[in-house]
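Letters go in sequence order (proteins before strands), and every chain restarts at 1. Values reported hereafter were calculated over all heavy atoms of this structure, with side chains retained and with hydrogens, waters and symmetry mates removed.
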4 protein chains.
Amino acid sequence: MVADPDTPLRADARRNRDQIIAAAKQVFLDQGPDVPMEVIARRAGVGVGTLYRRFPDRESLILAVSRRNFEEVVTEARAAAAEEPTAWAAIVRLLQRSRGLKLSVQLAVLSPLARAILRDDETTQEFRAEIMLILDELVRGAQAEGSMRRDVGAGDVAVLCSLLLMDLPLEDLSDLVLDRALAVMIDGLRATSQSPLPGRPITGEDLRIR
Amino acid sequence: MVADPDTPLRADARRNRDQIIAAAKQVFLDQGPDVPMEVIARRAGVGVGTLYRRFPDRESLILAVSRRNFEEVVTEARAAAAEEPTAWAAIVRLLQRSRGLKLSVQLAVLSPLARAILRDDETTQEFRAEIMLILDELVRGAQAEGSMRRDVGAGDVAVLCSLLLMDLPLEDLSDLVLDRALAVMIDGLRATSQSPLPGRPITGEDLRIR
Amino acid sequence: MVADPDTPLRADARRNRDQIIAAAKQVFLDQGPDVPMEVIARRAGVGVGTLYRRFPDRESLILAVSRRNFEEVVTEARAAAAEEPTAWAAIVRLLQRSRGLKLSVQLAVLSPLARAILRDDETTQEFRAEIMLILDELVRGAQAEGSMRRDVGAGDVAVLCSLLLMDLPLEDLSDLVLDRALAVMIDGLRATSQSPLPGRPITGEDLRIR
Amino acid sequence: MVADPDTPLRADARRNRDQIIAAAKQVFLDQGPDVPMEVIARRAGVGVGTLYRRFPDRESLILAVSRRNFEEVVTEARAAAAEEPTAWAAIVRLLQRSRGLKLSVQLAVLSPLARAILRDDETTQEFRAEIMLILDELVRGAQAEGSMRRDVGAGDVAVLCSLLLMDLPLEDLSDLVLDRALAVMIDGLRATSQSPLPGRPITGEDLRIR
DNA sequence: TATGAATGAGTCTTCATTCAT
DNA sequence: AATGAATGAAGACTCATTCAT
């Protein structure tokens, strides 16, 4: 018998659930989205049975991990928008922090399965929309401030963000290397940049997972 | 039992071998490096047995696909260096064309297995070294020309290249979106860019697969 | 993922494990060590998955079957030594009973794979050493009693024993035929035998699996 | 198109056939009756295609190897009967030489497939009958000479012979060990042996492969 | 409720046999 | 006629998911 989804879980059950999501996140990052369920269960310190009680199949686990991750992106974006003195600073901060959000993007990018799941999940789409909304506002702000070139849209920034999430197999150097790539991108985004970009600004809507 | 690698293949066998590599490339791009061998065989129009006769295991198939791909990168890099009037133009062309070279990078990036295989393959390492050599010369040239900022190395450019190879799930828009990201990066690489990059220039050696 | 070998198995799991070993013994005797794992699993009344959970590969199953069998040989040898009035009688009994121990020997003799496995297994080597120890004592005893010829060693007796384990394709007659061969051997082992044996007595050590 | 079986093969074809049989014999001895056909073909220095032209399937190859081997046994038995001064000496010689005839017996003993093939092959049965005929005469002769115990039959001797063909995994020692086991058996077969054998003498007919 | 045992479908890989060169 | 390439059926093994304890 499965609990009514609306009934809040008992405290220990919730803790259990959280452990599993955290473990799955770790393991997905380490070994990709194809790890055996048993490995995830072990990492969470539970049996497979328990895992399956919480998440009836792999799909729903991926979904849970991903939603949580998106939630964090939203939080981060809100904080950046609220706390930074200028929109440009908020964008730079978002680009810098995005590496911590790696997982969701990786899941969407690497695993056709995960992609399909996320595409069809309304909650995820709402998170995405929310993020793009914030970003859009920031981009306009930064352009108004005169710090950001006018031929980019929120979508362009989101794409650069996503690119930085690629998992380069460089071990120690990975952070430095990506920091530098980011710095190049930021310079390229500045209002002083010269060559016009091809096409038209990319919007958040353009990036809806398909 | 596989034929002595030094004996030239019979005409039909060679044709088959090429078809298999081409099919594998397609299928790896479409579905990642974990596709059933059967799928690859079918796509190549042969039975699994034939596939296994040519490539005794998945590993050696990945290797073959990857080597061929690296070879193409080397060719492309040489051509860019030889044909473009300036080093800067050659680099821009390389960055623009890199998308066609997606597969090797994806394999190295996405699949721990593939990564390990490539890491241990001498031929691949030689291709890599060759590419980095050309790129290094181009970067120095572009810096001497005054078109490229002086605080980047060949490794930095290679990283930007790799980032552009990410397989964004955008379908039609994918090309435009990446063209724009590339344009941002190119602007960021120009000699006129302002903020100094963190750390030190990344060299080709820094990027050896580990 | 297999349970920690030190954790005692759940009751049902242990029962299952025993069934599998018993089934494997039967099937190995009937059809040799190359039978499909599926056949063994079916005979044990379980699915292949269960078989593989208990024995991660064919090797470890062979090992388990073989160890259990050796254990029985040791037990039998001890009982013979303890219960028979004379050492000669104990040896005769061992030779007579050895047919029941057929499997271990057959595995070692018939299958290069099995042979290699047993050779490298310490537990098996200990069983073997124990058996040879008992046999050595019996042989000396029987020689002291004046019933056994003095130019044979424990190894010689063990070899005769092994020879009797050959699986002659005779069906009904098999037992009689081997009983008679055994009786011939026993007569040949008596102290009254005439022609000296070639070489030197074979020891247990001489027969270590190589 | 396959040659009429009655037409004698052309000289090179015959040589070919002989090479294959010789190679198969070697490989069967080394690796058992389950070796890949390709391995046999390679050892014979031909392609699989050629092998299959001569022997339409594994069955007929096993048969050919086995027949040739039986032929040699017959020859050897005839020679022993003709050349030795006494029947007892001929039997001893046969027992001593039997190790060279190992293969046929091993095939019959080790491989259920081979067993079935030989059982159904008339030629093989004729060879067997011929051998048993010679042996029977020798046994009667040796008993008449007073050298062999009277309670054994040709079948008993054949069984002892077969037992000696077991392939003990002892490497260097193997010959000595079996020579000694044989000597014990010979002593057990002498007219002076004491304890009566169980049952009745085993005849050649008793040993027909079933 | 938590656990981990059992199941079997799915994939990899080998090899007997057939067929094109 | 000889060769070795191609094929697919068969067996090994893994792992998602279900179920007994």
Starting at CZ of C:Arg14 and ending at P of E:dG4, how long is that distance when rounded to a whole Å? 17 Å

E:dC19 pairs with, by Watson-Crick or G-U criteria that keep both distances under 3.5 Å: F:dG4

Do B:Leu63 and B:Thr124 have side-chain heavy atoms sitting under 4.5 Å apart? yes

Donor-acceptor contacts, no H, no angles, side chain residues 21-32 of chain A, under 3.5 Å, sequence neighbours left out:
unit_1  : atom_1 : unit_2  : atom_2 : d
A:Asp30 : OD2    : A:Arg43 : NH2    : 3.1

Classify every nucleotide of nucleotides 6-12 of chain E by which part a protein heavy atom approaches to under 4.0 Å, writing B for the base, S for the sugar-phosphate alone and - for neither, in 5'-to-3' order. BBB--SS

Does A:Asp120 have any side-chain contact (heavy atoms from CB on, under 4.5 Å) partners at least two apart in sequence or in another chain, and if so, which? none

Using whole Å, what does the distance between atom P of nucleotide E:dC15 and atom CG of D:Asp57 come to? 18 Å

Could you tell me the separation between the CZ atom of D:Phe55 and the P atom of E:dA16, rounded to a whole number of Å? 16 Å

Rounded interatomic separation in angstrom, taking CD from C:Glu59 and C1' from F:dA12: 14 Å

pair D:Asp18-D:Arg15: side-chain heavy atoms closer than 4.5 Å: no

Closest non-hydrogen atom pair between D:Arg54 and D:Asn16, with its separation: NE-CB, 4.2 Å

Closest contact, heavy atoms only, D:Arg17 versus D:Ala64: NH2-CB, 4.1 Å

